[in-house]
Amino acid sequence: MTALTAKVTEPAPPPPDARAPKRRGVELTLLAGAVLVCVLGHLYVGLATTGHVPRLAGRYAAGLTAAALLAHLAVRFRAPYADPLVLPIAVLLNGLGLVLIQRLDATTPGHLTAGDQLRWSALGMALFVLVVALLRDHRVLQRYAYLSVAAALVLMLVPVFFPAVNGAHIWIRFAGLSFQPGEFAKILLAVFFASYLAANRTALALTGRRLFWKLRLLPGRVLGPILAIWLLSVGLLVLERDLGTSLLFFGLFVIMLFTATGRIGWIAIGLLLAALGAYAVGTFEPHVHSRVDDWLNPFASIERGEGPGQLAQSLFAFGAGGLLGAGLGHGHSFLIGFAAKSDFILATAGEELGLVGLAAILLLYGLLVARGFRAGLAVRDPFGRLLATGLASIVALQVFVIAGGVTGLIPLTGMAMPFLAQGGSSVVTNWIIVALLVRLSDSARRPRPAEEGAQ
Amino acid sequence: MIRYIRWCAYFCALLLVALLVNIARVQVWESAAYGANPANKRPAIERYAKPRGDILVDGRPVTGSRDSGQLLRYERTYTNGPLYAPVTGFSSQTYGTSFVERAEDAVLSGTDPGLSAFPLWYDLARGRPPGGNAATTVRSGMQLAAYAGLAGKRGAVAAVEPATGRILALVSSPSYDPAELSGTGTRVKEAWARLNADPAKPMLNRALRETYPPGSTFKIVTAAAALDAGVVTDVDAPTRTPDPYPLPGTSTLLPNAATGCEDASMADAVQWSCNTVMAKIGVQVGLRGMVEAARRFGFDGEALRVPSWVSRSNFDTDMSQDQLALSSIGQFNTKATPLQMAMVAAAVANGGELKSPYLVERTTQDDGSPVRRGDQRSLGRAMNPATALRMQELMVKVVENGTGRNAAIPGVVVGGKTGTAQHGVGNAGTPYAWFISWAKAEGAPLPAVAVAVVVEDAVADRGDISGNSAAAPIARAVMEAALATGR
């Protein structure tokens with residue numbers, strides 16, 4: 001594993017202030033605000049849909065406060081220099097998701113999911129505390145690169161043996177619980193890519209046979225393994241018909257490769273190949289083909305007299321929201337059907353909170369991603385930089401693919417909106433991502449050991 | 001590497017901008033188009049989310065709203081649905097609205113801007129004021145009398161207040177219960193299919209939407225035209241008409257159902273309903289004169305709105321002399337709605353001035369504060385005041401000592417005209433029995449009511465007898481009710 005620890009000199013970031021502010025008070029204040037927004041949203045939904053304060057409002061408020069406080073204490077004692085924005089944004093998004101799911105539960109009394117989501121969120125926050133508390137240094141993860149990729153591949157392979165749900169083989173159902181291993185796999189894959197690329201970036205950046213102009217063929221010895229793993233994972237996902245996640249993994253791979261090597265030419269070629277692949281899949285795979293058709297003409301099913309499809313219903317919901325929204329509990333996004341709480345949760349946000357609320361949510365994601373990149377810029381080791389970039393890109397790409405899908409910007413691919421959508425594995429995974437970002441930002445802003453010693 | 005991380009961050013920022021621009025497009029630019037898409041259920045859900053305002057008769061609601069607990073939440077209920085169906089129409093989640101439910105839909109459903117002092121506030125709050133009410137001009141007593149009179153028969157009654165144009169009764173028989181069409185589901189679809197397939201056409205509003213040959217009742221128009229045109233100056237002078245009367249330019253002989261029509265005066269011709277005399281007078285007035293007179297009474301005009309639209313009544317404008325002769329006695333292509341014939345009687349009763357009939361007295365907000373008042377509009381003069389007086393005398397004679405004695409009410413001045421309309425191929429159908437009339441309480445300055453009754457399946461011999469036997473008693477009951485409520 002010596003290759004993995006190869007050091008590459010980088011221009012050193014400006015030395016942090018000798019007495020770097022920790023900003024934990026800011027984080028606590030923002031957390032209080034986030035919890036308040038969520039509790040008020042919870043009360044509002046209860047009043048708007050049933051006319052009275054939700055029965056368990058007190059417990060809900062206490063539970064959310066306790067969880068946020070525990071997470072804050074974990075950060076305060078184990079990652080005191082961490083970015084103060086990351087945790088409050090995550091709590092706010094998760095809480096908003098709970099509010100929207102609770103609101104949708106009110107119109108689907110036969111299928112209540114807010115309770116499950118609450119338990120998964122609690123588990124996610126517990127894992128957050130665990131990761132922040134136990135992972136003292138993110139560089140430890142570098143050692144488990146190959147273990148990570150092996151675990152990722154196994155996780156992605158398993159669902160093939162389980163029955164398809166809504167056309168995709170991405171769930172494992174076991175003892176009444178169901179989760180998507182692909183969600184966990186994306187962290188493991190990001191860890192592997194970061195670790196591998198950090199170890200081999202000199203070779204990737206500087207060696208290779210020159211093709212023409214500045215274009216160099218990357219050395220197969222270095223590129224081969226990672227390309228193979230990427231192809232394998234994307235191939236598996238196509239087999240499982242999980243187009244969204246394969247798109248995500250492709251984007252992750254391209255972004256991290258670019259960040260490591262700075263070779264834009266290869267990115268262009270990669271994008272070209274991906275476009276060809278997407279065209280082929282979109283044309284010949286019926287499941288995907290129908291989604292592309294829906295995207296090109298969302299109202300075709302209405303013209304055929306079959307009533308509006310999911311995407312049309314979603315667009316109707318967004319349109320009904322307008323600028324200011326109908327108000328929580330006053331929309332009709334349940335018309336979208338079974339995926340209203342998962343893939344299409346943004347439609348409820350758009351209808352009931354309006355353009356203003358939806359833009360606020362997207363900007364929250366933007367801020368979270370920006371803080372991730374900021375950590376990537378400030379952290380000192382290449383592995384950390386690549387990992388932060390990868391994790392931030394996962395969130396960004398996922399938000400773009402889903403939000404773009406449900407608003408008709410790009411073809412629809414089934415994926416979960418981070419924190420917002422109903423789905424246990426997704427919430428848990430995103431809490432781990434946030435925990436890693438907190439860890440990375442802490443390490444980025446922490447005074448160097450020498451300076452620390454000088455204090 | 002720092003540079004490339006920045007580039008990645010810029011790329012993600014670009015994605016965010018694309019998302020924001022796109023949601024702005026969807027939520028602001030396309031919003032209205034999505035809302036207008038017929039497959040979008042939201043407007044319907046919104047529409048039925050609140051109880052609908054009521055339609056009032058005599059100040060009391062004849063409609064109601066029921067919380068169905070369904071997606072389209074509030075369904076319409078009707079008290080005495082079949083009785084008021086020609087007035088209210090239906091309001092159905094599946095089949096839309098008709099008649100007053102349709103004409104006043106904006107007020108009833110709460111979308112009318114007049115319902116709120118600050119419409120912008122509701123726009124901003126995305127709410128809607130509660131539905132307003134529509135108070136009709138109909139009087140329940142008259143409506144009941146007309147409905148009871150037509151029970152078991154096919155036909156219609158229209159009654160108006162001559163001086164104002166208020167529609168006091170509007171009945172079509174057989175009727176249906178609009179409540180059967182409220183809501184959604186198979187029950188509603190079955191009711192719709194059954195009502196539409198029914199040969200008796202219960203959903204047809206015969207008072208406003210069906211046109212019948214008016215038969216001898218049209219002789220009132222012909223007589224008024226003759227007086228106005230000066231063709232007849234002395235109603236009691238003999239007209240030198242043979243019996244039967246050979247239609248001009250043909251060898252066809254027009255007979256009379258009545259006797260004693262040879263050389264009868266116009267007064268006698270109206271009193272005994274002589275076809276020959278009136279046909280000849282019509283020919284003497286001439287096509288232009290007859291068309292103009294018919295137009296002044298409301299024939300051939302623009303479709304009337306009361307505020308529901310009314311079928312156009314027809315008097316042909318291009319006819320040969322023999323066709324004109326037949327048209328002058330309400331046959332050939334002459335067609336009239338019962339409301340139109342009530343307007344003819346009302347014009348006579350009102351001194352020649354024809355008021356535009358209307359059905360909605362006023363619309364109000366939920367709390368009763370006014371939104372709009374029904375407007376009394378004049379449709380102009382149907383005849384000279386002197387002609388109207390002469391016509392009143394002639395019509396009174398019909399009831400006192402003519403073909404319409406069944407309409408007489410003791411102590412009340414009643415004018416009327418019977419009619420029997422031939423129809424069908426070769427006039428084979430059962431003739432329609434008509435009666436138009438007006439009534440004025442003794443000593444009252446203005447006539448209280450003008451009524452038109454048509455009975456489609458009057459079981460009677462041909463001749464005006466059927467108008468008297470089948471239709472006149474119904475008209476009398478309605479007039480009695482009008483005078484009773486008027487007192």
Side-chain angles (χ1 to χ4, degrees), chain A residues 8 10-11 13 201 255-256 258-262 264 299 301-302 307-308 312-313 315-327 330-332 335 346 350 354-355 358-359 362-363 365-366 369-370 373-374 376-377 382 385-386 388-389 392-393 395-397 399-400 403-404 407-409, chain B residues 1-50 67 69-74 93-94 110 120-128 184:
Chain A
V8 175
E10 273 282 330
R201 53 190 287 268
I255 282 180
M256 291 183 76
F258 168 73
T259 311
T261 65
I264 206 148
F299 303 119
S301 64
I302 296 170
Q313 287 285 20
L315 290 174
F316 289 162
F318 281 110
L323 200 59
L324 297 178
H330 298 291
H332 308 292
L335 290 170
L346 269 188
L355 177 63
L358 187 58
L362 291 179
L363 288 174
Y365 282 114
V369 171
F373 279 121
R374 176 127 293 273
L377 286 171
R385 284 182 180 166
L386 283 171
T389 305
S393 305
V395 176
L397 288 175
V399 167
F400 178 75
T407 55
L409 184 63
Chain B
M1 200 191 275
I2 296 231
R3 202 163 118 217
Y4 307 137
I5 295 177
R6 281 191 201 284
W7 285 15
C8 290
Y10 297 149
F11 172 68
C12 291
L14 196 71
L15 295 185
L16 181 64
V17 169
L19 282 181
L20 290 174
V21 169
N22 188 52
I23 62 167
R25 175 187 72 87
V26 167
Q27 299 208 262
V28 180
W29 262 251
E30 304 280 345
S31 173
Y34 293 154
N37 191 308
N40 194 346
K41 280 192 187 150
R42 280 176 184 73
I45 294 172
E46 285 298 318
R47 177 187 166 87
Y48 296 108
K50 284 184 184 165
D67 186 352
Q70 307 280 308
L71 192 59
L72 307 179
R73 196 163 157 197
Y74 284 96
Q93 263 98 330
T94 318
L120 273 180
W121 190 85
Y122 283 106
D123 272 358
L124 207 66
R126 300 213 149 216
R128 223 162 18 108
T184 54

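Only a predicted model underlies this, so the values are computations on that prediction, with no experimental measurement involved. Convention: sequence-line order gives letters A, B, ...; per-chain numbering from 1.
When heavy atoms are compared at a cutoff of 4.5 Å, A:Ala317 approaches chain B by way of both its backbone and its side chain. The contact between B:Ala18 and chain A is made by backbone and side chain atoms together, counting heavy-atom distances below 4.5 Å.
Between A:Leu409 and B:Ile23, every side-chain heavy-atom pair lies at or beyond the 4.5 Å cut-off. Side-chain contact check for A:Ile255 versus B:Phe11: some heavy-atom pair is nearer than 4.5 Å. A:Val399 places a side-chain heavy atom less than 4.5 Å from the side chain of B:Leu19. With a 4.5 Å cut-off on side-chain heavy atoms, B:Ile45 and A:Leu335 count as touching. Between A:Leu363 and B:Leu16, some side-chain heavy-atom pair lies under the 4.5 Å cut-off. In this structure, A:Thr407 and B:Arg25 have side chains that are not in contact, with every pair of non-hydrogen atoms separated by 4.5 Å or more.
Chain A forms more heavy-atom pairs under 4.5 Å with one residue of B:Leu20, B:Val28, B:Val21 than with any other, namely B:Leu20.
For B:Arg47, the CZ atom sits in a packed shell: over 12 heavy atoms of surrounding residues, nucleotides or ligands are nearer than 6.0 Å.
Here B:Arg6 pairs with nothing under the salt bridge (Lys or Arg N to Asp or Glu O under 4.0 Å) rule; sequence neighbours left out.
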Under 3.5 Å, side-chain donor or acceptor atoms of residues 35-42 of chain B against the rest of the protein: list the pairs with distances, not counting sequence neighbours.
residue	atom	partner	partner atom	Å
B:Asn37	OD1	B:Ala39	N	2.9
B:Asn40	OD1	B:Arg42	N	3.2
B:Asn40	OD1	B:Arg42	NH1	3.2
B:Asn40	ND2	B:Tyr34	O	3.0
B:Arg42	NE	A:Glu351	OE2	2.8
B:Arg42	NH2	A:His332	O	3.2
B:Arg42	NH2	A:Glu351	OE1	3.2

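Between the side chain of B:Gln27 and the backbone N or O of A:Leu323, no donor-acceptor pair lies under 3.5 Å.
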